[in-house]
S.K.: 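Attaching a single structure in structure tokens format; questions to follow.
Chain letters run A, B, ... following the sequence lines, proteins first and then strands; every chain starts at 1.
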Amino acid sequence: MNVAEKPVIAPESLIGQRIQKKDAPEKAAGKTRYIQDMIVPGVLHAKILRSSRVHAKIKSIDTSAAKALPGVHVVLTAADVPDQQPIGVARDHLPLKGERVRSLRDEIAAVAADSEEIAEAALRLIRVEYEDLPIVATPEDAIKPGAPLIHPVPLAADGQPKALPPKTPIAFAGKPDNIAMRFDYTHGDVAQAEAESDVVVEDTFQLHYVTHCCMGVSGVIAEFDASGNLLMYSNTQVPFLHKREFAEYLNIDPSRVRIIQPPIGGGFGSKLDIYPFEVICIFLARAAKRPVKMVFTREEEFLASPTRQPVLLTLRSGCKKDGTLTFRQVHTLHDNGAYTSWGATTPFVMMQTFSSLYRVPACDYHTTVVYTNNPYAGSFRGYGNLQATFAIEQHMDMLAEKIGMDPLNFRIKNAQDAGEVTGQGMSFKSCGFKECLTTAAERSDYRKKHADNLANRDAPGPVKRGIGMASMLHVGGGAKIYPSDGCGTILKLDDFANVTLITGASEIGQGSETVLSQLVCEELGLPISAVTVVNNDTAITPWDVGVHASRTTFIAGNSAIGAARKAKAKILAAAAKKHGCDEAMLDLRGGFVVVAETGEPVVELARLMRNLHFSDKAELVMTTFYYEPPSVHQDKGFKGDVSAAYAWATQVVEVEVDTDTGIVKMTKVTGTHDVGRVLNRLGLEGQIEGGVVMGQGYALTENLIVENGVTRNPNFRDYKLVTAPEIPEMDITFVESMDGEGPQGAKGVGEAPSICIAAAAANAIYNATGVRIFGLPFTPEAVYRALRGKAEKPNWQAWKSA
Amino acid sequence: MTAIERYAAPQSLDEALGILQQGEVTILAGGTDLMPQTKAGRVAFKPTLMNIGRVAGLKGVTLDGQHLRIGALTTISELLRDPLVAQHAPVLAEACDHFASDQIRNAGTLGGNINNASPAGDTLVPLIVLDTEVELASKPNGSVATRRMPLAEFFTGPGRTKRNANELLTAVRIPLPKPGHVARFYKFGTRPALDISTISIGIAGVMRDGTLTNTRVAFGAVAPTPVRAPRTEAALEGRRLDAGAIEAAADAARDEVNPIDDIRASAWYRKELIHNMTKRMLDHVAQA
Ligand SMILES: Cc1cc2nc3c(=O)[nH]c(=O)nc-3n(C[C@H](O)[C@H](O)[C@H](O)COP(=O)(O)OP(=O)(O)OC[C@H]3O[C@@H](n4cnc5c(N)ncnc54)[C@H](O)[C@@H]3O)c2cc1C
């Protein structure tokens, strides 16, 4: 382009624009190649034989017929991999089970064969003899004295506990009871605060099993090269953590493990842990000396991928007549399932909501996580916050009603403000909570509708209308759980001024490629189309802790901006030198170096890049940056400012309850989110809308039915996701609190939109009918039973003392 | 699962009946029941798989004297859009509007829904209250023989009917409605589409001067087959449809059904739904 054609270039900003996701055309056209579509030459197909008993000793496994089947290459059982190491948060889980199965999902044997069909046929030929053990089906049963133990301490020949070296993992050393973990947190004096309360309420809430239902089921391909280096194609959300862990299991140097992520069909937290199938696939590849691919069936995905953490929760809350909150006391019982994954650690997030969503002078929080023979829970968008918010926001309405205060005013009175440091040590540098409350209330006409619905409760007609609100606090600037919560970026500008953005941040459909490109282009004055993102290969991308905790836009965004600013400085310095001007006066706009004040072009960026590259003093514009957020680890008492920023939201839900059937129809959701700043408006709206629907499923329809250790509905016919006609009208608005640390002022929002819906729906059902329901989901029969006074009240006395 | 040894796609009824007569045949129409059932191992293929999709004359809706005749291969989508169905049997179209999703409706056929004989099959209850007959054809000794039977008597259990192995269901016949004819259908699922009925209710009759006669009531998903409800019908027949009659009929309905507990609903809740929704439907009929 001729410089003379473009006299001045006005500043333009991409921030807040509606930008189409970079991967949208491929996905819409059905061209995206997921792991299911990948063809690796010479690949074998693997299947896993899972337990047919909920809790049993394995007496024998006979694989001879399976091994003899033509087309079968490898059959493995625990006996074939004596070196296997336990996986999981508590190192209590051996990938292949040799002596004992503890849940129906348990892996007993694995086959690699020429085709999936042959592998399946081989599984049918494997004979397993079991000796049944008593089933521990509920956490209440698991903590009873004398309950059967899920991980009993192994005994030596003399009947005494085996002598084992200290720090032997639970998988080998067992546990003397069924308690997997405990969490205890306190600030303030709860007894005193209760004594000062005018009103106290206490209730027990029951939160059920749901699962992620990613469109793309779990899958992995493992392959060793001739030198013994491991290459994995994996859907993981944490490639760098996995690289290290797999190396540990194989006892090889981490540099010999390379993980490539094909496009991932949804994560939502389900791919944060290492699972047996991944390790088993590696074992098979090692034994077969061939690449091995394992992809779940949908049924397997329901049975053997993690769930959201089910929780039994007792909350005691108090306030004064003037509406000041005084204390909260929380006891929860977490059903850990048979093995420990991230679900067990949801108290980290739950206690933040109890201690810090509202100003509360005293808070006492206790969780006991217990082993059962049920499926085990992993991390899931919201990470315990849906459960905590369900309880706390119902209590906010109940306390307000008891003291005769408007529920909105009651919340505003106790809501956090910017500048506050909570009892748990969280420091709110930006906080749009009150604005979220008032905006969502005004836009939904909350006060008037709330009053009208109350007045109409007893009017004739079976259908009652209700409105309810709930708010949430969630980390919005990463979460310092690992030694580093950082992310690295490499940025390269080529000789046509096109950018390659090499980032550690993983894309799982959330739109990170687009928003990161946008942040880079904002610095470099280029169109989004100028950026190619490379983000899926541990041999290329710099380190990142993983895609979780709503952190990617914030952490990887700051990292990308850091690298882009270094590139910009280098470019402007080169331009200034070449054109004899002061670099402080220059800027990048529309593909040109311009004079900042006038917009007058100095040189086309592509031309400048070529000049730099192709000279005897060749210079490449290639920069790196590592961003570490200014957050801190919690101390032993769970106190500390773990996130660089915190996100807020208020959601108002409107329902119609058919009292003849119990059907709850969600008619409208009005949501206001403090997102710091809107970056990609389209992506943000998509994230919120999808999250609301996920929250709606949690509230109304989704229910993984586990009875006596058996998952009864491992299919989409009986596990009911929300379908299109059920999706409510949505009114979504944003509060821009311009977080000082956030990229362009933005905060994380990935998990936020799912968190409030169930709690707000509970309040709406109460507004409509005068009936409070303490357990989820609000399926028609459950609601109908509650309306007829036949709801089963969760019973907590049995366990609270444990 | 038995392996399929032979695939047949006959073009004429004669040819299809000939193949059936040889025995050991699995009939495939839209496949929306058959494929999931065989994949899950609940149904085994017979050695011959016969796709009836190309058999001429099995599709479409026609007037046949005082009857509406619907070919077995007519899809749920076609029923939903058909003008004759809309005019003479709108309650059937209503049932189709709550049936599965567009993809399934485009493939699934009326004959498949009937022969699958699920107590929750959504066209069955409305067809029963419309006094529908099924038409079965066979070729026992070289020539085509046809017999008819009321749909209400066709089902013998879940997945079981009175169809003989050598018979093909060719069509259903619905008598054209008399003046004053009313019919209502209600399906309870936990969501508006893509759900198997927890219960369903069909009510039909002739309304004159506020009184219901020729009363037909049928329920789905409360017994091993879709069932007529004689005691509920008796509570309504010839009575003025006032609040008292409606309440008595709803009570009779609740007492008459004998549903089971399963993962979709408890028996108690199913009975409550039968009572409440029978009442609501009758209220609507009375007000119309
Ligand atoms: C996702 C999904 C959702 C569904 N939702 C619903 C729903 O909401 N309501 C509902 O009622 N059903 C539902 N179904 C079930 C199914 O779609 C219907 O029963 C459909 O009408 C079956 O028709 P088809 O042509 O696909 O039958 P097929 O699967 O081809 O056949 C079903 C059975 O009937 C036999 N058969 C078919 N035609 C004839 C004939 N002419 N003579 C003799 N035997 C015959 C077959 O041998 C087989 O045993 C659903 C199915 C799926 C997969």
S.K.: Between chain B and chain A, which donor-acceptor atom pairs come closer than 3.5 Å, counting both backbone and side-chain atoms?
M.R.:
| from | atom 1 | to | atom 2 | distance (Å) |
| --- | --- | --- | --- | --- |
| A:D658 | OD1 | B:R280 | NH2 | 2.7 |
| A:D658 | OD2 | B:R280 | NH1 | 2.9 |
| A:D658 | OD2 | B:R280 | NH2 | 3.1 |
| A:D660 | O | B:N276 | ND2 | 2.8 |
| A:D660 | OD2 | B:R280 | NE | 3.4 |
| A:D660 | OD2 | B:R280 | NH2 | 2.9 |
| A:T661 | O | B:Y269 | OH | 2.5 |
| A:D718 | OD1 | B:R264 | NH1 | 2.7 |
| A:K720 | NZ | B:D195 | OD1 | 2.7 |
| A:L721 | O | B:R191 | NH1 | 2.6 |
| A:E781 | OE1 | B:S266 | N | 3.0 |
| A:E781 | OE2 | B:S266 | OG | 2.5 |
| A:Y784 | OH | B:E272 | OE1 | 2.5 |
| A:Y784 | OH | B:N276 | ND2 | 2.9 |
| A:R785 | NH2 | B:S266 | OG | 3.2 |

S.K.: Which bit of B:L273 is near chain A, if near means a heavy-atom gap under 4.5 Å: side chain, backbone, both or neither?
M.R.: side chain

S.K.: Once side-chain contact (heavy atoms from CB on, under 4.5 Å) is applied, do any residues pair with A:L104, and if so which ones, sequence neighbours excluded?
M.R.: A:V54, A:V710

